[in-house]
Each structure stands twice: as structure tokens, then as C-alpha cells.
Protein chains: 2
Amino acid sequence: MGVTKTNLFTEDQNKIAAFAKAFAHPARVAILQKLKEINSCYNGDLVVDLGLAQATISQHLKALKEVGVIKGTISGTSVSYCIDPIVWKELNEEMNSLFSLDFGCGSEDCC
Amino acid sequence: MGVTKTNLFTEDQNKIAAFAKAFAHPARVAILQKLKEINSCYNGDLVVDLGLAQATISQHLKALKEVGVIKGTISGTSVSYCIDPIVWKELNEEMNSLFSLDFGCGSEDCC
DNA sequence: TTACTTCATTGCAATATTACGATTAATAAA
DNA sequence: TTTATTAATCGTAATATTGCAATGAAGTAA
């Protein structure tokens, strides 16, 4: 059916999945890296930088905004984008909690 | 066109995106959490645990295997799954590198 | 006002993903 | 051998995603 059965999973699991989706496309990874790299608001030309059509990039930015990882403010003719520090931190913690625990399979009787 | 233009991006960006896809569905998050939780090989019944059809779960497991995060060995009637420690570590580092750097936007003249 | 610029939105087409029933393959148990 | 049992695969349907041209909206500059 192509539709995720969200109700089967915990809120946490759905949240992690939603966050992960933000990184699940190289263009969005590239955008986020750019925003981090410049270490502040971005005013450059993502269309030139990424090589995708303007409409496509706008769509990716929208997706990132919907997850909340980035925010943008209109300033005159152009829009400035930057990472939302609060959400970024939450994302970071969410990911850390996934990776934090040790796990086995170091034992030889395993897989 | 529904097809990602992989060639426009760096190998690293594509890799991160591929890894992120492993987490981009709550069922796969649930599976990975389960594998970590039990801290070794899994022989339980994911169908009962997750509430999805057997075919669907098999599909998710295949996806995870293709990324390399998990591995499975056939032992008699059933298959044991566990996280691949090597790939898991790589994944962890990849994610850390994304989140590691500080970024601005703390300044008030920003967004 | 009339361009011009820039980003968002709309409307498509192509492809990918999610889900499941049915089938198949492989082993274990009788 | 026959009969479970278990997981992978196939086929199909529904929905989501990706990408872009065209258009729209809102400002700037002339």
C-alpha cells in the first residue's frame, strides 16, 4: 500500500524515522552540510552549488523545514536559511541514544 | 522523475543518505532497537513483535542487510540476525561527523 | 508604473517504497 | 516419504518521493 503503518510503532520510533528521512537524500545531506560549513545563515546560491533545479531545491528545503531541522527568514529579496540549534541538538541526542549502547555479537557463537 | 541524481553528490553524501534510509522507517528502527536490546543474535518472532506481515518484515530485513547494518546466518529452520559491529561503528562515526562541528546561528543577527 | 529578481507552489511524469497474499525453497520432524 | 515450519521471493496494489517546467507571489530597481 506504500503507506507506513505509523500506529504500530512508538512515538520515539516514528520520530527517529522522521529525522532520519531528513538525511535520507544526498541533496538534503549536502544542504545541511553547507549550512553547517558556513556556520551561520546561508544566502548563497544552492541551485548553483547543488546543480539541481530551483524547484527541486525548494522542495528539499521545505522537507527540512517541516522536520524542523532548519529555519528560514525572509529578508528582502532573498531568504536566509540556517540550522535550528534546538532541533539539531534534539536530533543529535536522538541519534546518540540509538548508538549509545554496547551490543554483543562480539562473541564467536553469534551470527 | 522519482530517481535520485546520485552523480551530483559526493560519495560521502550518498553514503550518509543510504545509511539514513536504514533508519527512515519506524519498522526498521524497531528492528534495529530490538537487535541492540537483546545484545546478541535475534531468534524471536519479529512478526509477532512488530505486527507486520511476514513478507513485509522480510523486506525490511533485506533492506537493512543491503546497507550492511545487519547480518544473518541460517541455522537450521530459522535465521539469526544481529547488528554488524563493523558497519555499525562506521555508521556511528559517519553520523558523529555530521553532528560534530559547532555551528553558528547563535548570533542574534541570524535568522 | 514596468521590468527584474528570487523563492514558493502547482501540476505533471517517472520511479521508489510500503504492504500483503501467495508461492517457493529449505530444513526439521513425523 | 510426507508433513510441518520458517523465511525468502514474486506479483500486485496503493502511496510516496524525486525532479522539473511553468506559474505565482512578493519584493527591488528602473
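In what follows, chains are A, B, ... by sequence order, proteins preceding strands, each numbered from 1.
Among the protein residues, Leu52(B) comes within range of the sugar-phosphate backbone only, with heavy atoms under 4.0 Å from sugar or phosphate atoms but none that close to a base. Using a 4.0 Å heavy-atom distance criterion, Ala55(B) is classed as a base contact.
Between Thr56(B) and dC20(C) there is a side-chain polar atom (N or O) within less than 4.0 angstrom of OP1 or OP2. When the side-chain nitrogen and oxygen atoms of Lys62(A) are compared with OP1 and OP2 of dC7(C), none of them lie within a distance under 4.0 Å. Between His25(A) and the phosphate of dG19(D), there is a side-chain N or O to OP1/OP2 separation shorter than 4.0 Å. The side chain of His60(B) places an N or O atom within less than 4.0 Å of a non-bridging phosphate oxygen (OP1 or OP2) of dA19(C). At the phosphate of dT6(D), neither OP1 nor OP2 sits under 4.0 Å from any side-chain N or O atom of Tyr81(B). Not one side-chain nitrogen or oxygen of Lys21(A) sits closer than 4.0 Å to the OP1 or OP2 atom of dA16(D).
Legend: residues meeting ring-ring contact (aromatic ring centres under 6.0 Å, His included) with Phe23(A), ordered by chain and number and at least two apart, are Phe99(B). Looking at residues two or more places apart in sequence or on another chain, you find no side chain to side chain donor-acceptor pair (under 3.5 Å) involving Thr6(B). Qualifying salt bridge (charged side-chain N to carboxylate O under 4.0 Å, His left out) partners for Glu90(B), counting only residues two or more places apart in sequence or in other chains: Lys15(B). In this structure Ala24(A) satisfies the side-chain contact (heavy atoms from CB on, under 4.5 Å) test together with Ala20(B), Lys21(B), Ala24(B), sequence neighbours excluded.
Rounded to an integer number of Å, the gap from Asp49(A) CG to dT6(C) C1' is 16 Å.
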Please list, pair by pair, any protein nitrogen or oxygen found under 3.5 Å from a nitrogen or oxygen in nucleotides 23-25 of chain D.
none

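Between the side chain of Lys36(B) and the main chain of Leu98(A), a donor-acceptor pair closer than 3.5 Å is present.
Here side-chain hydrogen bond (donor to acceptor under 3.5 Å, both in side chains) pairs that include residues 53-63 of chain A, with residues two or more places apart or in two chains, are Arg28(A)-His60(A).
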